[in-house]
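Read the structure below first, then the notes.
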Amino acid sequence: METKSPIRCIVKLGGAAITCKNEFEKINEANLVTVSSQLREAMMFGSSSGSVLEMDWSKRPGVSETPKKVDDFKEQQQGLDYNSFVVIHGAGRLSSIFAGSFGHFQASKSGVHKGGLNQPLVKAGFVATRISVTSLNLEIVRALAREGIPSVAMSPFSCGWSTRDRNIASADVSTVVEALDSGFVPVLHGDAVLDESLGCTILSGDVIISHLAAHLKPQFVVFLTDVFGVYDRPPTEPNAVLLREIAVREDGKWSVVNPTFQDSDTKVETSVASHDTTGGMETKISEAATIAKLGIDVYIVKAATEHSLTALSGKLRDKIPEDWLGTVIRYVP
């Protein structure tokens, strides 16, 4: 099923970029506000932005009154001209077994990602994981709505997405397409889903992006993270080097183009914490390479920075500025 108009961008909003990894289920409010504002600016790129008309009309915690914004829409003659975007977000990684953010603690403690839905602990963990990730999804949708972005929540489990041996078995994108064609911005997330072989597992947001990119064919894909891009080793280590450009070949293998290393097939060292149920950076790079092989540029960049706004606005498609910090992954025939 194809959309009526071309999709401009699919955005992966990394959980670590919009949550506080050292505090359980705590959102990084400052980053989320900045990211939402940048998304609005990017969606309106090349057109008149107008004033922000808030779409969250419910009562917010810590706010004494419900926002009175309904009358503002009565004077609006025409909807804003949003370019087509899809947003997918993660849930944040655990920094320890007791800290971290949404979903990972529940999934790792119960073993949802390993399957075994017939076990009471796994079934309870499945429910607890979905409560956690959908609560984060609601807060992100509300933040986007406060920026006037007509966002709608879409949970993969509720939309009928399922897996077989952790690989996507069923993923009906028609609801996403219908939302886009109706002028909405779909907001999906990593989710606990049913698995035909294991009973259940965790479907990573990075895998969801790869699947949607293959069907929707966006102009480009942006991964917003808590670091400036992909490094040759964990960025916390001394002398870690930011990889500015990675080329993906026809066979799916990739190599670093910029900076130049003596060994052209320099491998990126990745580490995945034992409690990270979605594969971490290793999965991100693998899925990004799969997307790039489709001829779709992928940008990995730090969220809530001037560099992320540059990427979201599509300015990197023509030329990568020398002072831009991030990683570009491109297909090279």
Side-chain angles (χ1 to χ4, degrees), residues 11-37 39 56 58-63 87-114 120-147 149 151-158 161 186-193 200-209 223-227 236 272-281 283-284 302-304:
V11 181
K12 167 62 190 299
L13 182 51
I18 42 97
T19 64
C20 301
K21 65 181 180 180
N22 292 318
E23 297 185 57
F24 184 62
E25 294 193 341
K26 182 176 177 59
I27 294 172
N28 185 327
E29 297 285 354
N31 266 16
L32 182 54
V33 167
T34 301
V35 166
S36 300
S37 176
L39 278 169
D56 179 10
S58 54
K59 191 177 186 305
R60 292 166 54 191
V63 178
V87 176
I88 301 163
H89 66 83
R93 292 189 301 275
L94 293 165
S95 59
S96 73
I97 198 63
F98 299 110
S101 241
F102 299 77
H104 286 275
F105 171 79
Q106 293 86 346
S108 63
K109 290 295 284 185
S110 61
V112 168
H113 56 298
K114 299 178 181 178
L121 174 61
V122 175
K123 182 166 288 185
F126 189 98
V127 173
T129 299
R130 295 212 67 253
I131 289 173
S132 185
V133 296
T134 54
S135 66
L136 174 61
N137 181 251
L138 173 61
E139 291 308 311
I140 291 174
V141 168
R142 293 185 71 178
L144 295 173
R146 288 195 289 272
E147 284 292 328
I149 299 172
S151 53
V152 289
M154 289 190 171
S155 295
F157 174 82
S158 301
W161 289 42
V187 183
L188 295 86
H189 57 87
D191 203 2
V193 297
C200 63
T201 193
I202 299 296
L203 179 60
S204 164
D206 297 328
V207 175
I208 295 171
I209 285 188
F223 285 80
L224 298 177
T225 71
D226 60 335
V227 293
T236 53
V272 180
S274 60
H275 41 259
D276 188 344
T277 59
T278 61
M281 184 58 76
T283 299
K284 193 181 305 296
K302 188 171 184 178

Tell me, with the steps shown, if L32 and S36 meet side chain to side chain contact (heavy atoms under 4.5 Å, CB included). CA-CA 6 Å; L32 182 54; S36 300; 4.0 Å; yes
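With a 4.5 Å cut-off on side-chain heavy atoms, F157 and T134 do not count as touching. No side-chain heavy atom of N31 sits less than 4.5 Å from a side-chain heavy atom of D226. Between Q106 and V112 the shortest side-chain heavy-atom distance does not fall below 4.5 Å. Proximity of V122 to C200: side-chain heavy atoms (C-beta onward) are separated by under 4.5 Å at one or more points. Within the 4.5 Å cutoff, the side chain of F102 has heavy atoms near those of the I27 side chain.
One finds the CG atom of L13 at 4.5 Å from the CD1 atom of I18 (value rounded to the nearest 0.5 Å). Taking CZ from R146 and OG from S151, the interatomic distance works out to 10.0 Å, rounded to the nearest 0.5 Å. The CG atom of N28 lies 4.5 Å from the SG atom of C20; values are rounded to the nearest 0.5 Å. Here the CD1-CD1 distance, from I88 to I209, works out to 4.5 Å after rounding to the nearest 0.5 Å. Here the straight-line distance linking atom OG of S155 with atom CG of L188 works out to 8.0 Å at 0.5 Å rounding. The structure places CD1 of I140 at 9.0 Å from OG1 of T19, a figure rounded to the nearest 0.5 Å.
Residues H113 and S108 share a closest heavy-atom pair of CE1-CA, 4.0 Å. Closest approach of T129 to A107, counting heavy atoms only: OG1-N, 3.4 Å. Looking at every heavy atom in both residues, L121 comes nearest to S110 through O-CB, 3.5 Å. In terms of heavy-atom proximity, A304 sits nearest to V35 at N-CG2, 4.0 Å.
Every residue meeting the side chain to side chain contact (heavy atoms under 4.5 Å, CB included) condition with K114, not counting sequence neighbours, appears here in chain and number order: R166. Shown here are the side chain to side chain contact (heavy atoms under 4.5 Å, CB included) partners of N137, two or more places apart in sequence or in another chain: H89, V141, A153, V187, H189.
The list of salt bridge (Lys or Arg N to Asp or Glu O under 4.0 Å) pairs with a residue in residues 120-139, not counting sequence neighbours, reads R130-D191.
In this structure a side-chain-to-backbone donor-acceptor pair under 3.5 Å is present from S135 to I131.
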